[in-house]
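Heads up, the thing below is written out as structure tokens.
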Number of protein chains: 2
Amino acid sequence: MSGQKIRNMEEFAAASGISRPTVSKYFNDPDSVRDSTRVRIEAALDQYDYRPNIYAVNQNRRLTKNIGIVVPFLSDPFFAEIARKLETLVIAAGFRPVVLGSHGGTEQENDNLETLRSLKPAGVLLAPLGRASDKSAVETFCRHVPTVLFDSNIEDIGEAFIGSDNISFVDQTVEYLCRTGEPPSFFEMRTPANPNANKRRLAYLAAMERAGHAPDVISVEGEGWGFEEIGRRGTHDAFDAGSLTSRSILCSNDRLAIGLLAACYERGLKVGRAKGSDLRVASHDDHPFSRFTCPSLTTAAHDYDAVAEQAVKTLFELIEGGRPLSDRKELLYPARLVLRDSA
Amino acid sequence: MSGQKIRNMEEFAAASGISRPTVSKYFNDPDSVRDSTRVRIEAALDQYDYRPNIYAVNQNRRLTKNIGIVVPFLSDPFFAEIARKLETLVIAAGFRPVVLGSHGGTEQENDNLETLRSLKPAGVLLAPLGRASDKSAVETFCRHVPTVLFDSNIEDIGEAFIGSDNISFVDQTVEYLCRTGEPPSFFEMRTPANPNANKRRLAYLAAMERAGHAPDVISVEGEGWGFEEIGRRGTHDAFDAGSLTSRSILCSNDRLAIGLLAACYERGLKVGRAKGSDLRVASHDDHPFSRFTCPSLTTAAHDYDAVAEQAVKTLFELIEGGRPLSDRKELLYPARLVLRDSA
DNA sequence: CAAATTTCTTTACGCGCGTAAATTTTTGTC
DNA sequence: GACAAAAATTTACGCGCGTAAAGAAATTTG
């Protein structure tokens, strides 16, 4: 970390006693040069603290080592967490993650895709907004950049989809609730932002039918990504309208459940599986905060790690293969039931 | 959006009938060319959908239009939110935000700073980790890049600090709690990650002395950024040890309070300002989730907008001024008390 | 130890754009 | 309509690096 300042690869090459093209080769793949050469370069490296200019490196390359990671909402700890996992995996693979959040807005999602295109990424991991996505914009993007979708699927767009198996989520929660008490009503947004919500409702209906119970879907109004408030407001409205009579409620996702729990608390209702409770509440996602709700939330957890690892792995296969996968892959991981106090 | 593909500015200039240097000038500042010229360029622009190559644009420039935004923990909705606000303001100013989260790790924070340096940003908005920050690394960085610190101060580092006035936070909550009931005990982490926590404890001690009450600080163990769990665990431990006897608790921050509320719930304690409650709980930050705790959390809110706006404004003054501000500015914004149900 | 192979060096060009200098064209003023 | 000022054009070079080609040097093989 000492010595005079190195301004470019030319000077660094001179300082290390290696030719510039060889140094360039080293930076593109350290293993591509002879051991003795690598040692000399690395010795010079921590003597002079030089790093290739990132812009010069990329401008004359068709593809960079950038990997885009786009999530619909970075303020949602759920997505922040999975973005972090992806980031870590991408770095480990020697690439450079660029994390972008769409803030729940179609325009921002499109902006993010445009930004990424100008970054010439080698590939992109995209969790689309879902219903609010500009399908044609996303499709156009995917035609130009190898893209793996995750979390939320858009049919036939992207080279692959890696996500969680909503049926597995709902089957487990419904089975558990039915086995241990009253069959659940299903609590959801009428116009969910995300296609997973629809799959979960259908899975609920199917599971209830299989079990021989009458389904009961409570759909609450609300737009946008403020799920907690939508759940809270919707719960009050449903109680007021008399449409929420069940003593067993399965929420479409944890954030709605957090709002529902808040509303129940406000109404003085006791939630839990313990005797003397007014109702049981379960949900899906295992949101980072669901451990800290009152009561703690029984939910079905994503296999975060598997989804992240598989998404990254699939993307790199795509990139290295050069060509798109022959057929669009869709990989779904099952849920893991997490029993806590709410049900 | 039609027409043949444009490969570079040369071709685009030809297509629009303007010379390349003038087009270049346009992209650097649309107002720097004659109106009639701008119109022609913009006409061509949406006919051919051309964007200058971002790498070529930046490599031969001492400074880019990039603005780095670094927060200690992107999975914390609090930071995600403020990052979003900053992002929006930076875009509005015609710059290009690059948001990076440090995931609570010193190494990651240093990595982020290194990444930013290679991006040659015009300036950086940095919320440092605090105690865990590598001060000398941050200082070195700040010597090379115009940097405005926010949220968490490090003495004499960066060209300015914009934050919230911890004294105002604590004074308001303490005053409120004293006025409406028992004087509060103060609940905090023994080794907080963030310097604000120390300031809040001192402010609590001062406020209690002024009011003529005996202070009572409950410091719980725990390292890292899992504040909710630290708060929950610490609450149980404190109750078990008999060190938590107060009926009025002021938490250092909302995330600790969320954990404390969870623990109280688990112990069957009723929290709130209503008659019949076992204890009151208030806190600081107005975390996005504090609206949805059970009961909803009385807290002191940051003036998010003012902090974000001032931080961005200060940074741009710095950038445009060319030279560092004569004296390091420290600007603090007062809190706003948010009364909810917990106290 | 000579031949075959791998690795490195030298040389040279190009990427897409910023930018400076000199020149020409356009615009505004009287 | 002549003239000055403003703006656009032409020309030319450079940024820092990737990369190809050809030859020299080092390494491995038999």
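Below, all heavy atoms of this structure are taken into account, side chains as well, without hydrogens, waters or symmetry copies. Chain A is the first sequence line, chain B the second, and so forth, proteins listed ahead of strands; every chain is numbered from 1.
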Can you check the [X] [atom1] to [N] [atom2] distance for me, whole Å?
X	N	atom1	atom2	value
I18(B)	dA8(D)	CD1	C1'	8 Å
R20(B)	dT9(D)	CZ	P	12 Å
R34(B)	dT24(C)	CZ	C1'	12 Å
R51(A)	dC17(D)	CZ	P	12 Å
D31(B)	dA6(D)	CG	P	17 Å
D29(A)	dT19(D)	CG	P	12 Å
I54(A)	dC15(D)	CD1	C1'	16 Å
N58(A)	dT19(D)	CG	C1'	15 Å

Checklist entry - Between the side-chain atoms of Q59(B) and the base atoms of dG18(C), is any donor-acceptor pair under 3.5 Å? => result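 Answer no: no donor N or O sits under 3.5 Å from an acceptor.
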
Side chain of [X] - closest among [options]:
X	options	value
N8(A)	dA20(D), dC8(C), dG16(D)	dG16(D)
N53(B)	dT9(C), dG16(C), dT9(D)	dG16(C)
A56(B)	dC17(C), dT7(C), dC17(D)	dC17(C)
M9(A)	dC17(D), dC17(C), dA8(D)	dC17(D)
T22(A)	dT10(C), dT9(C), dA20(C)	dT9(C)

Using OP1 and OP2 only, check whether a side-chain N or O of [X] sits under 4.0 Å from [N].
X	N	answer
T37(B)	dA7(D)	no
S24(A)	dC17(D)	no
Y26(B)	dA7(D)	no

Checklist entry - So does R328(B) pair up with E330(B), basic N to acidic O under 4.0 Å? => result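 So R328(B) pairs with E330(B) through a salt bridge.
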
Item to check | Nearest-nucleotide 5' precedence on DNA chain D, D35(B) against K120(B) | outcome: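 Whichever sits nearer the 5' end wins; that is D35(B).
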
Checklist entry - Taking for each residue the nucleotide of DNA chain D with the nearest heavy atom, is it V57(A) or S19(B) whose nucleotide lies nearer the 5' end? => result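 Upstream on the strand: S19(B).
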
Next on the checklist: Testing the 3.5 Å rule here: is there a donor-acceptor pair between the side chains of Q310(A) and Y333(A)?
Outcome noted: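 Their side chains do contain a donor-acceptor pair, which is all the 3.5 Å distance test asks for.
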
Checklist entry - Within a reach of under 6.0 Å around NZ of K135(A), are more than 12 heavy atoms found that belong to other residues, nucleotides or ligands? => result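 Counting other residues, nucleotides and ligands, NZ of K135(A) exceeds 12 neighbours.
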
Next on the checklist: Heavy-atom count check: over 12 atoms from other residues, nucleotides or ligands less than 6.0 Å from R143(B) CZ?
Outcome noted: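 Atom CZ in R143(B) is crowded, with more than 12 foreign heavy atoms closer than 6.0 Å.
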
Next on the checklist: Using the rule side chain to side chain contact (heavy atoms under 4.5 Å, CB included), only one of L119(A), I67(A), I54(A) pairs with R96(A); which is it?
Outcome noted: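 That would be I54(A).
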
